[in-house]
Amino acid sequence: MSRYNPAEIEPRWQHYWTEHGTFVATEDSSKPKYYALCMFPYPSGSGLHVGHPESYTAIDIVARTKRMQGFNVLNPIGFDSFGLPAERAAQRENRHPAAITRERIAYFRTQLQRLGFSFNWEREVSTCEVDYYRWTQWIFLQLYERGLAYLAEVPVNWCPAQGTVLANEEVVDGRYVETGDPVERRSMKQWMLKITAYAQRLLDDLDGLDWPEGVLEMQRQWIGRSEGAEVRFDVVADGADGADGDRSFVVYTTRPDTLFGATWCVLAPEHPLVSKITTKAQREAVEAYVASARNKSDLERQVAADKEKTGVFTGATAINPVNGEKIPIWVSDYVLITYGTGAIMAVPAHDERDHAFARKFGLEIRPVYRVEDQDHDFQQAAWPGQGIAVNSGRFDGLSVAQFKPAIIAWLEEQGVGKKQVNYKLRDWLFSRQRYWGEPFPIVHTQDGQVHPVDPEDLPIGLPHVDEYRPTADGEPPLARATDWLHTTWHGQPALRETNTMPQWAGSCWYYLRYMDPHNTDLPFSPERVRYWQSVDLYIGGVEHAVLHLLYARFWHKVLFDCGLVPTSEPFKRLYNQGMILAFAYRESSGKYHAPQTVERRAGQLSEFVSAWAPNDWVQTDWYVKGTQIPVEQKLGKMGKSLNNSVDPLEIVDRYGADTLRIYEMFMGPLEQVKPWQTSGCDGVHRFLSRVWRLFVDEDSDQTRPFGTTSKAMRKALHLAIKETTDGIDQLKFNTPVAKMMELVNVAKGQVPARQDAEAFVLILSPYAPHLAEELWHRFGHEASLATEPWPTFDPTALVDETMTIVVQVMGKKRAVLEIDRAASKDQILTAAKADPAVMRFIEGKTIRKEIYVPGKLVNLVAT
RNA sequence: GCGAGAAUGGCGGAACUGGUAGACGCGCCGGACUUAGGAUCCGGUGGGGCAACCCAUGGGGGUUCGAGUCCCCCUUCUCGCACCA
């Protein structure tokens with residue numbers, strides 16, 4: 001070997017690490033612990049693409065550095081392996097999803113291992129394996145015992161295309177977030193988890209977390225706490241009209257201070273009172289409206305909501321408790337049955353939605369605040385802001401802040417209302433009508449009772465079925481496993497639960513299983529959890545800002561309440577990596593060409609009609625290689641649909657894993673969205689080749705003898721040490737690479753002294769571990785550098801004999817002085833004023849002010 | 001509509017508490033060595049100008065000796081939420 005040859009170096013060191021158990025983590029260490037975690041991947045059929053290793057590399061760099069800084073590091077990896085895509089593949093290929101999943105995991109593992117991550121492979125977990133999911137079932141039983149899991153007939157998001165229900169969080173704009181399939185509303189009996197019981201704690205505990213502000217905000221909004229009041233309205237008894245009177249309903253409002261401005265009430269179409277209070281005259285219209293609302297999908301409702309409000313008068317009236325006024329009761333789908341009480345009082349003067357409804361149906365708009373804007377026209381727009389109360393009886397003259405507590409006190413006194421806190425967060429719909437998930441440890445006896453399986457009877461293994469489809473009568477696929485389905489419970493015949501858990505279940509606690517992955521008695525032992533505590537650094541995509549992170553926090557708190565974990569939060573510090581985008585190339589016909597099949601011909605422009613925008617002409621100098629076919633370039637998410645995925649192994653084959661790792665970091669800040677450009681690897685590869693040549697003579701393959709140290713080298717080295725060290729804390733991985741490149745540029749082929757060389761190789765090692773190990777070995781060390789002490793930064797190495805002083809006149813740079821470090825302020829000012837370039841600008845002017853920033857800059861103010 | 005974030009060369013990006021804007025790299029241009037090179041090395045590279053200099057961090061104001069950085073207004077883009085009473 002002479003040239004830098006990662007294909008030879010990398011497998012050798014990967015082998016070494018495995019053989020020597022270099023990264024195996026143990027619990028009996030006297031060292032402080034550090035738990036670094038990347039979100040584990042879902043093993044898809046297309047393998048890892050170049051976007052995945054970004055977070056793994058960042059975590060690996062932290063893990064390797066922390067190890068060298070004396071920490072006992074846990075850096076595990078595993079697979080989130082239950083879920084819909086494997087089930088669909090199983091249907092397509094007519095194979096068992098377990099077989100498909102294991103095969104995919106094997107490829108993922110190969111890919112990951114070739115990138116040289118210091119993972120604790122001995123702790124690998126896979127959520128679909130029975131020795132893992134038996135403990136997911138066990139934890140479910142804990143939830144059940146605590147009354148946090150229950151069966152309920154609830155309106156659910158039914159996705160006909162997937163043949164299953166979905167959680168609220170999985171539905172956006174009336175579509176399933178994963179596939180875009182439309183979702184409709186249905187009422188079904190489902191397993192629910194009472195996450196709402198933890199709403200306040202989930203909200204409060206966000207405050208202590210070192211998480212990105214954006215993620216905290218998204219969680220706060222999702223939990224959606226609001227404070228207000230519940231107020232009871234009595235329905236006017238009016239038997240003569242055919243209505244079944246003498247009833248009441250409760251509305252929820254955050255503005256009880258506007259009660260005097262309520263000019264009607266609205267019930268959600270699903271509200272149970274609707275059918276009871278509707279008068280004969282209105283019955284037909286109301287029933288038609290309720291039916292059409294029920295049949296609308298979420299998507300249709302939302303689309304319709306953008307246009308205008310709809311609703312029907314029930315014919316009934318309610319009494320406003322504050323003034324005894326009779327106001328009409330309407331039905332409208334802008335009131336949601338799932339939020340608050342499913343009923344509202346409408347205050348059109350101070351609420352925009354109510355205002356729109358009033359305008360549509362010609363209802364009274366009655367202001368109850370005198371507002372700052374004297375010209376405000378309440379007929380034209382609502383005023384949701386501050387003011388001084390009017391038309392509110394003895395409350396007149398109060399501000400909003402004064403009015404609220406006063407009216408709540410009054411309502412409570414009168415027994416017609418009370419203070420109330422509400423959350424947008426709803427209970428978590430936890431069952432799916434699928435095969436490839438954890439079976440519930442639940443049986444149903446013939447008397448209709450539900451029973452948890454005894455913990456010692458776990459696991460409830462997934463049975464084999466002949467087909468992964470619902471049964472003819474619409475039961476989930478598990479109902480096909482007749483032998484499995486029929487069981488007994490304490491001697492009675494019973495049927496097993498045929499729903500399975502959603503994919504989130506396994507990922508709710510995997511970070512705990514990593515602490516003790518082979519435990520056969522418990523999900524994890526108390527001693528292990530006491531040692532590892534919780535995750536110190538968690539890196540993953542923002543797409544999990546709400547779903548996974550909220551669910552995992554919920555489970556963690558339940559486990560905390562069970563006394564099973566010592567911490568109330570699972571992830572102390574969270575960081576999001578930005579998505580890696582890639583250029584896609586499309587010809588006018590719309591066909592996509594893979595990036596490696598196109599080329600840029602500078603100066604050779606073509607024009608054609610864009611396939612993206614039929615009215616746009618695009619200019620391009622990109623062509624399909626070997627043809628005259630022009631293609632337009634556009635940035636997009638990496639994937640099959642744009643034909644722009646890059647397999648990391650392709651990069652490893654061409655440049656080596658060390659180049660891939662560094663390029664992933666060098667592209668830009670970790671959290672930023674960045675475009676992948678394979679050509680960028682050239683620069684990094686050149687850098688690593690230069691490092692190689694710096695120490696290895698390419699002709700003889702001999703390690704070159706060390707040189708002597710120099711001021712310039714030491715300065716460059718310690719700048720790099722500082723940057724790499726600080727980078728770990730701040731999770732900035734791009735600038736350290738630049739500083740290491742500068743160091744090599746400073747060396748200019750002169751071999752540094754041993755001390756400098758070794759320090760450099762050590763700080764390089766988290767980024768390019770294979771090359772660093774190879775050089776370390778060539779420097780004469782027997783053992784791996786993985787636990788060598790991290791180099792310390794020496795600030796004195798940065799101090800020069802001279803300093804560079806910028807001289808400005810009126811804030812504009814005019815000269816740069818190179819002057820002795822010991823020079824006094826006066827000496828510097830004299831030298832500055834004597835500089836010819838400076839003199840030209842101060843000549844004939846008076847110096848009004850002389851500003852001197854020590855060691856940096858002089859600014860002369862001359863007029 | 002509401003909330004959060006961003007805007008710097010042809011491109012990715014640097015710039016500590018306000019103090020030399022464009023580090024480092026890609027690409028491009030020129031050169032060396034080469035049978036050849038997706039190899040290596042050297043030099044150049046924000047725009048304008050022969051030069052002295054001038055202009056430049058999305059746009060417009062302001063604070064300051066000095067603003068990419070701080071304040072106000074505007075534009076554009078990305079992300080999240082979206083009848084939550």
Side-chain angles (χ1 to χ4, degrees), chain A residues 3 172-173 212-218 220-222 224-226 228 251-255 258 266 301-302 304-306 309 332-336 338-347 350-354 356-357 384 422-426 542-543 545-546 576 578-579 600 602-603 654-655 662-663 666-669 671-687 689-690 693 698 722 726 732 734-742 745 749 804-816 837 840 848-853 855-862:
Chain A
R3 293 253 299 274
V172 170
D173 292 338
E213 194 45 51
V215 175
L216 294 174
E217 196 49 41
M218 277 190 245
R220 284 191 195 106
Q221 284 188 11
W222 192 265
R225 182 193 152 101
S226 73
V251 304
Y252 173 69
T253 175
T254 54
R255 293 294 303 275
T258 60
V266 188
R301 268 202 193 191
Q302 281 177 20
D306 286 340
K309 298 263 182 289
S332 173
D333 65 0
Y334 85 95
V335 174
L336 310 175
T338 46
Y339 182 78
T341 58
I344 63 154
M345 62 174 199
V347 186
H350 302 286
D351 182 282
E352 283 162 14
R353 296 152 301 181
D354 297 341
F357 197 81
N422 250 324
Y423 301 90
K424 283 198 253 180
L425 183 69
R426 323 232 176 104
V542 255
E543 64 273 21
V546 176
N576 298 123
M579 208 189 341
R600 188 174 180 192
R654 192 159 139 195
Y655 298 100
I662 294 185
Y663 178 62
F666 189 56
M667 286 167 77
E671 73 279 11
Q672 219 162 82
V673 176
K674 311 165 276 271
W676 175 268
Q677 281 167 294
T678 301
S679 63
C681 293
D682 286 331
V684 173
H685 188 256
R686 240 167 251 159
F687 161 64
S689 302
R690 257 175 235 151
R693 275 199 309 277
E698 289 194 328
K722 182 167 167 42
D726 293 350
K732 286 176 67 176
N734 51 334
T735 48
V737 176
K739 288 287 184 282
M740 288 191 275
M741 286 175 168
E742 283 180 57
N745 291 346
T804 310
I805 304 287
V806 171
V807 185
Q808 299 181 335
V809 180
M810 300 299 288
K812 281 188 190 284
K813 180 179 127 189
R814 297 301 176 190
V816 179
R840 206 175 312 142
R848 310 268 172 204
K849 205 166 171 186
E850 293 168 343
I851 287 141
Y852 175 59
V853 181
K856 278 188 178 160
L857 168 141
V858 167
N859 190 10
L860 303 173
V861 184

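Residue numbering restarts at 1 for every chain, and letters A, B, ... go by the order of the sequence lines.
B/U69 is unpaired under the criterion used here, namely a Watson-Crick or G-U wobble arrangement in which both key atom distances are under 3.5 Å. Across every strand in view, B/G18 sits unpaired, with no contact that passes the Watson-Crick or G-U test at under 3.5 angstrom. Of all nucleotides present, only B/G44 satisfies the Watson-Crick or G-U wobble test against B/C28, with each distance under 3.5 Å. B/C2 is paired with B/G80 under the Watson-Crick or G-U wobble criterion, all donor-acceptor distances under 3.5 Å. Here B/U63 sits opposite no nucleotide as a Watson-Crick or G-U wobble pair (both hydrogen-bonding atom distances under 3.5 Å). Of all nucleotides present, none satisfies the Watson-Crick or G-U wobble test against B/G49 with each distance under 3.5 Å. In this structure, B/A36 makes no Watson-Crick or G-U wobble pair, since no nucleotide meets both defining distances under 3.5 angstrom.
Per the geometry, CG belonging to A/Leu216 stands 14 Å off C1' belonging to B/G80, to the nearest Å. A/Ile805 has its CD1 atom 20 Å from the P atom of B/G66, to the nearest Å. Rounded to a whole Å, the CD atom of A/Glu671 is 14 Å from the C1' atom of B/A4. Per the geometry, CZ belonging to A/Arg840 stands 7 Å off C1' belonging to B/A52, to the nearest Å. Spacing between atom CD of A/Gln221 and atom P of B/G5 amounts to 12 Å, rounded to whole angstrom units. Taking atom CD of A/Glu352 as the reference point, atom P of B/C83 lies 14 Å away to the nearest angstrom. Atom NZ in A/Lys722 sits roughly 12 Å away from atom P in B/A15 (whole-Å rounding). Going from atom CD of A/Glu217 over to atom P of B/G5 covers 9 Å, rounded to whole Å.
Contact annotation: the side chain of A/Gln808 never approaches that of A/Val858 to less than 4.5 Å [non-hydrogen atoms, C-beta and beyond]. Between A/Phe666 and A/Cys681 the shortest side-chain heavy-atom distance does not fall below 4.5 Å. Taking the side chain as every heavy atom from C-beta outward, A/Thr678 and A/Arg654 approach each other to under 4.5 Å.
Around the CD atom of A/Glu352, the shell of radius 6.0 Å holds no more than 12 heavy atoms that belong to other residues, nucleotides or ligands.
A sub-4.0 Å separation between OP1 or OP2 of B/C65 and a side-chain N or O of A/Lys849 is present. Distances shown here put every side-chain N or O of A/Asn734 at or beyond 4.0 Å from the OP1 or OP2 atom of B/C24. Taking side-chain N and O atoms only, A/Lys732 has a distance below 4.0 Å to OP1 or OP2 of B/A15.
Within 4.0 Å of A/Glu213, counting heavy atoms only, lies no atom of the nucleic acid at all. The residue A/Arg426 sits close to a base: some heavy atom pair falls under 4.0 Å. A/Arg220 comes within 4.0 angstrom of no nucleic acid atom, judged by non-hydrogen atoms across all strands. Residue A/Asn745 is in sugar-phosphate contact alone, with no base atom involved, counting any heavy-atom pair closer than 4.0 Å across all strands shown. Residue contacts for A/Val335: at a heavy-atom cut-off of 4.0 Å it reaches a base atom on one of the strands shown.
By the rule that a glycosidic angle within 90° of 0 means syn, B/G44 does not qualify and counts as anti.
The two atoms that bring A/Pro675 and A/Met667 nearest to each other are O-CE, 3.3 Å, heavy atoms only. When all heavy atoms of A/Thr258 and A/Met345 are compared, the closest pair comes out as OG1-CE, 3.7 Å. A/Asn859 and A/Gly811 get closest at one heavy-atom pair: OD1-N, 3.0 Å. Residues A/Gly855 and A/Ile805 come closest through the heavy atom pair C-CD1, 3.6 Å. Contact between A/Ser226 and A/Thr254 at its shortest, heavy atoms only, is OG-CG2, 3.8 Å.
Among the nucleotides B/G25, B/G19, B/A85, the one closest to the side chain of A/Tyr339 is B/A85. Across B/G19, B/C26, B/G12, the shortest atom-to-atom separation from the side chain of A/Val853 is found for B/G19. For A/Lys424, taking side-chain heavy atoms from C-beta onward, the closest of the listed nucleotides B/C81, B/A14, B/G12 is B/C81. Among B/A85, B/G13, B/G25, the nucleotide with an atom closest to any side-chain atom of A/Met741 is B/G25. Listed nucleotides B/C81, B/A23, B/G80 differ in distance to A/Trp222; the shortest reach to its side chain belongs to B/C81. Which of B/U20, B/G80, B/G19 sits closest to the side chain of A/Met218 comes down to B/G80. Across B/U20, B/A85, B/G25, the shortest atom-to-atom separation from the side chain of A/Val816 is found for B/U20. For A/Glu742, whose side chain is taken as the heavy atoms from C-beta onward, the closest listed nucleotide among B/G19, B/G13, B/C24 is B/C24. Closest to the side chain of A/Thr735, out of B/G12, B/G25, B/A15, is B/A15. Nearest to the side-chain atoms of A/Arg814 among the listed nucleotides B/C11, B/C54, B/U17 stands B/C54.
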side-chain contact (heavy atoms from CB on, under 4.5 Å) between A/Tyr663 and A/His685, worked out | CA-CA 9 Å; A/Tyr663 178 62; A/His685 188 256; over 6 Å; no

Would A/Thr253 and A/Val347 satisfy side-chain contact (heavy atoms from CB on, under 4.5 Å), going step by step from the backbone distance to the final call?
-> CA-CA 10 Å; A/Thr253 175; A/Val347 186; over 6 Å; no

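Only the P atoms considered, B/G61 is 30 Å distant from B/A51, to the nearest whole Å. Taking atom P on both B/G10 and B/U45, the two are 15 Å apart, rounded to the nearest angstrom. For the P atoms, the distance from B/G68 to B/G60 is 13 Å, rounded to whole Å. For the C1' atoms, the distance linking B/U20 with B/U75 amounts to 31 Å, nearest Å. B/C55 and B/G49 are spaced 11 Å apart, taking the C1' atom of each and rounding to whole Å. Comparing the same atom, C1', in B/G37 and in B/C50 gives a spacing of 40 Å after rounding to whole Å. Going from the P atom of B/G59 to that of B/U40 covers 39 Å, rounded to whole Å. Spacing of P atoms, B/C54 relative to B/A6, comes out at 33 Å, to the nearest Å.
Taking for each of A/Lys812 and A/Gly214 the nucleotide of RNA chain B with the nearest heavy atom, the 5'-most of the two is the partner of A/Gly214. Each of A/Thr804 and A/Gly811 has a nearest nucleotide on RNA chain B; the 5'-most of these lies closest to A/Thr804.
In the interface, the side chain of A/Lys739 is not paired with the base of B/C24 through any donor and acceptor atom under 3.5 Å apart.
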How does protein reach along nucleotides 32-38 of chain B, written 5' to 3' as B (base within reach of a heavy atom under 4.0 Å), S (only sugar-phosphate), or - (no contact)?
-> ------B

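Ring geometry for A/Phe357 against A/Tyr334 counts as tilted: the plane angle lies between 30° and 60°, on a 0 to 90° scale.
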